[in-house]
Protein chains: 2
Amino acid sequence: MIELTKRDQAVLEAVVTDYIQTGEPVGSRTISKRYGLKVSPATIRNVMADLEEMGFLQQPHTSAGRVPTEKGLRFYLDTLVQFRALENQERALIREAFRGKEQDVKELLQITSQILSSFCRQAGVVLWPRLTMARLRHIEFIRLRPNQIMVILISKSGLVHHSVLVWEEDIPQNELDKYSRYVNELLEDVPLGDVKRRILEEMRKEKVLFDQLYTRALEITTRAFQANLEKSELFIEGQTNLLNNPEFADVDRLRRLLHAFEDKSRIIRLLDMTLKTSSGVRIILGTESELKELQEISLISSPYRRGDTLLGVLGVIGPVRMDYSRIIPVVEFTAGLLSQILEEPEEV
Amino acid sequence: MIELTKRDQAVLEAVVTDYIQTGEPVGSRTISKRYGLKVSPATIRNVMADLEEMGFLQQPHTSAGRVPTEKGLRFYLDTLVQFRALENQERALIREAFRGKEQDVKELLQITSQILSSFCRQAGVVLWPRLTMARLRHIEFIRLRPNQIMVILISKSGLVHHSVLVWEEDIPQNELDKYSRYVNELLEDVPLGDVKRRILEEMRKEKVLFDQLYTRALEITTRAFQANLEKSELFIEGQTNLLNNPEFADVDRLRRLLHAFEDKSRIIRLLDMTLKTSSGVRIILGTESELKELQEISLISSPYRRGDTLLGVLGVIGPVRMDYSRIIPVVEFTAGLLSQILEEPEEV
DNA sequence: CTTAGCACTCTTTTGGGTGGAGTGCTAACA
DNA sequence: TGTTAGCACTCCACCCAAAAGAGTGCTAAG
């Protein structure tokens, strides 16, 4: 592949920058005048023709300006983009928005999503920590009705999961209390992902010591855990921000998009894709997502963590044309801040 | 006020019916031909002119057909509408959709919202039971970190509320366990709305008997309760269904609407309005809502209950032009079915 | 009281025609 | 050899006038 000259890159950057700002195809004149390249429109035209041939730009029709292709945007993001770092004032504003929400993790994540959406004027998303990645802090069994046990799981990060189990036998509350006390001791500070394995192991190892009581306690835990393992939740805020983008002025396009949002599992899958990169901001552009409903949008995401444990992913969803130079720093900063807030002092 | 003759009513009904179906202004010819009135278009025109004068119909412009006004719709709803009762098959379908979801109340309500949205092809809404209307089944205090207590409240209907309290003193878990055991006994089967009063009362009455321990237990309960009292949640599903209505083809209108949806508190207030009617389907049409963002939409709602206790409201939100004759029975049936499901046998 | 007929009104659609933006190419220039 | 000015050409967006269509109100006759 042929290298791009400095000038080629400058022109590409100018086209992308202008296009991101205006949403309109960019002409040679505009670039020559507005972006301090000391060459004439005619020269720019030549360069642009080259860039088009290489697949970085495209023309909606003859005699229109150029628009960056996905390949062009990718190149821009990978090598050209100049981040506009956040002002101290902006950092302070974000910090302020978090203030007082540190207690309730659910609320915390929801606020995060709102912050992302309002600061980036797009939709903000935050994926709840998967149970596998969290650590268990507490478990509680409550008898709801005969044969129904509500199990409440609280992870270290403070998230509450609950589900109702139907049990063959009717277990009285005071016995359930014993179970939970036992399990709480047993599981202290063990990664939830290991819980099942660990339980089975213990059962094997000290089988004789377990009376039917404790076996059952572990059985219930296992089942409750299973029920919650797959639950994954998502906060999406600021969907209406998307309506402000001229690319979604078309109702039909919008319908498809919002439809994709309604079935959150798709977005979750998309975010899952980015969970693998253990850190840093990641961008998925249009068709890179491989989900046909989301081909017109792009995702800027970053994982957040608690100490060393990856908890989940947060990010911004918007049209492919977005102000990356600003949004990337915002996502990065927010992810860092959230991680920091979750990194509270360990309990004594 | 002048009475409407039989023929006037028949014409009004025809106009409403046709308008609801097509969304277009209805002409005299259409009515004369399609709705079995044995009079000519000219006669219909005379009747329509009368109805217009009385404020039941209006013309978007001269030489267009007629459209029902809100007053016209109201009259239609109050006296003319003929319900299309649900087929057995449809009932079965709804019942089927509920199957297996009876355990988890949260999931149950979400499914309800989905059912409403997909059966009516509009947005379905379900308002969570307010804590005041529920009854407490269980309370649990868990020490999250030093000075932080997570309180979990479970209502009789199986809903879980939780919140984190910051407490001045650090209370060890085993003491918290005592508190919850105590409070659970104390509050058994008392309406939550009375809890605060009852607690204060008990404190006064038997003041000497309470050592500092129990006083504190009650203090914590009171505060936790307070924190959850105002929380009210809402499920809205099928918002994209609204996009299918031609009345929302205009992006600007849509923006306003979805914006209103994003701030759920407005919808909650709207639903609250209908909570007062203790039973039966209620309809709020356009401007009747007094919320200016929602003037273009209308709400068909019905409360649902558990035994004698009003729990919340469910319903369908859509444009003023909706197929009431079908949606009303669906809402009614669903509310009944949900109530029935919640009406599970009391625990022993 | 009902109906047929007709003129009238208002909207929606259609189809040029025009102006503007931007290109590609060519030829001249450094 | 790379850069620039000039120019013809293309295509879209917009405007406006004309035509089509839908439905009315009014009048006069049944």
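When reading the values below, keep in mind they use all heavy atoms of this one structure, side chains included, and skip hydrogens, waters and symmetry mates. Bear in mind that the values here come from a model prediction, so they are computed numbers and not experimental data. Residue numbering restarts at 1 for every chain, and letters A, B, ... go by the order of the sequence lines.
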Q: Starting from the 5' end of DNA chain C, give me the residue, B/P41 or A/Q59, whose nearest nucleotide shows up first.
A: B/P41
Q. Among residues 17-33 of chain A, which contact DNA chain D at a heavy-atom distance under 4.0 Å?
A. none
Q) For B/T43 and B/N46, does a side-chain donor sit closer than 3.5 Å to a side-chain acceptor? A) no
Q) Between the side chains of B/Y324 and B/S298, is a donor N or O closer than 3.5 angstrom to an acceptor N or O? A) yes
Q. Side chain of A/H61: nearest nucleotide among D/dT24, D/dC11, C/dT23?
A. D/dC11
(Q) Has B/T69 got a side-chain atom pairing as donor or acceptor with B/F56's backbone, closer than 3.5 angstrom? (A) yes
Q: Output yes when a side-chain donor or acceptor of B/S113 lies under 3.5 Å from a complementary backbone atom of B/G124, and no otherwise.
A: yes
Between N or O atoms, less than 3.5 Å apart, protein on one side and nucleotides 25-30 of chain C on the other: list the pairs.
none

Q: Check for a donor-acceptor pair, side chain of B/T79 on one end and backbone N or O of B/Y76 on the other, with a separation under 3.5 Å.
A: no
Q.
Output the rounded distance in Å from NZ (A/K38) to P (D/dT4).
A. 12 Å
Q | Side chain of A/T62 - closest among D/dT3, D/dT10, D/dG25 | A | D/dT10
Q: Using side chain to side chain donor-acceptor pair (under 3.5 Å) as the criterion, point out the one residue from A/R84, A/R121, A/Q122 that pairs with A/D323.
A: A/R84
Q) Is a side-chain N or O of A/Q59 found less than 3.5 angstrom from the main chain of A/A64, in a donor-acceptor match? A) yes
Q. Is the shortest side-chain N to carboxylate O distance from A/R253 to A/E247 below 4.0 Å?
A. no
Q) Using a cut-off of less than 4.0 Å, is there contact between a side-chain N or O of B/R66 and OP1 or OP2 of D/dA22? A) no
Q. Between the main-chain N or O of B/H259 and the side-chain N or O of A/T240, is there a donor-acceptor pair closer than 3.5 Å?
A. no
Q: For B/D50 and D/dT24, give me the distance from atom CG to atom P, rounded to whole Å.
A: 14 Å
Q) Closest to the B/V39 side chain: D/dT24, D/dT10, C/dT3? A) C/dT3
Q) Is any side-chain heavy atom of A/L80 closer than 4.5 Å to a side-chain heavy atom of A/Q9? A) yes
Q | Side chain of B/S63 (C-beta onward), nearest among D/dT10, C/dG24, D/dG23 | A | D/dG23
Q) Between D/dG25 atom C1' and B/I44 atom CD1, what is the distance in whole Å? A) 16 Å
Q.
Treating B/K264 as the side-chain partner and B/I236 as the backbone partner, does any N or O pair qualify as donor plus acceptor under 3.5 Å?
A. no
Q | Whether A/S118 side chain and A/Q114 backbone form a donor-acceptor pair below 3.5 Å | A | yes
Q) Base, sugar-phosphate, or nothing for A/T43, non-hydrogen atoms under 4.0 angstrom? A) base
Q: Identify which nucleotide among D/dT3, D/dT24, C/dC10 has an atom closest to any side-chain atom of B/M48, counting heavy atoms from C-beta outward.
A: D/dT24
Collect all protein-nucleotide pairs involving nucleotides 14-18 of chain C in which both atoms are nitrogen or oxygen and the distance is under 3.5 Å.
none

Q) Starting at CZ of B/R7 and ending at C1' of C/dC1, how long is that distance when rounded to a whole Å? A) 8 Å
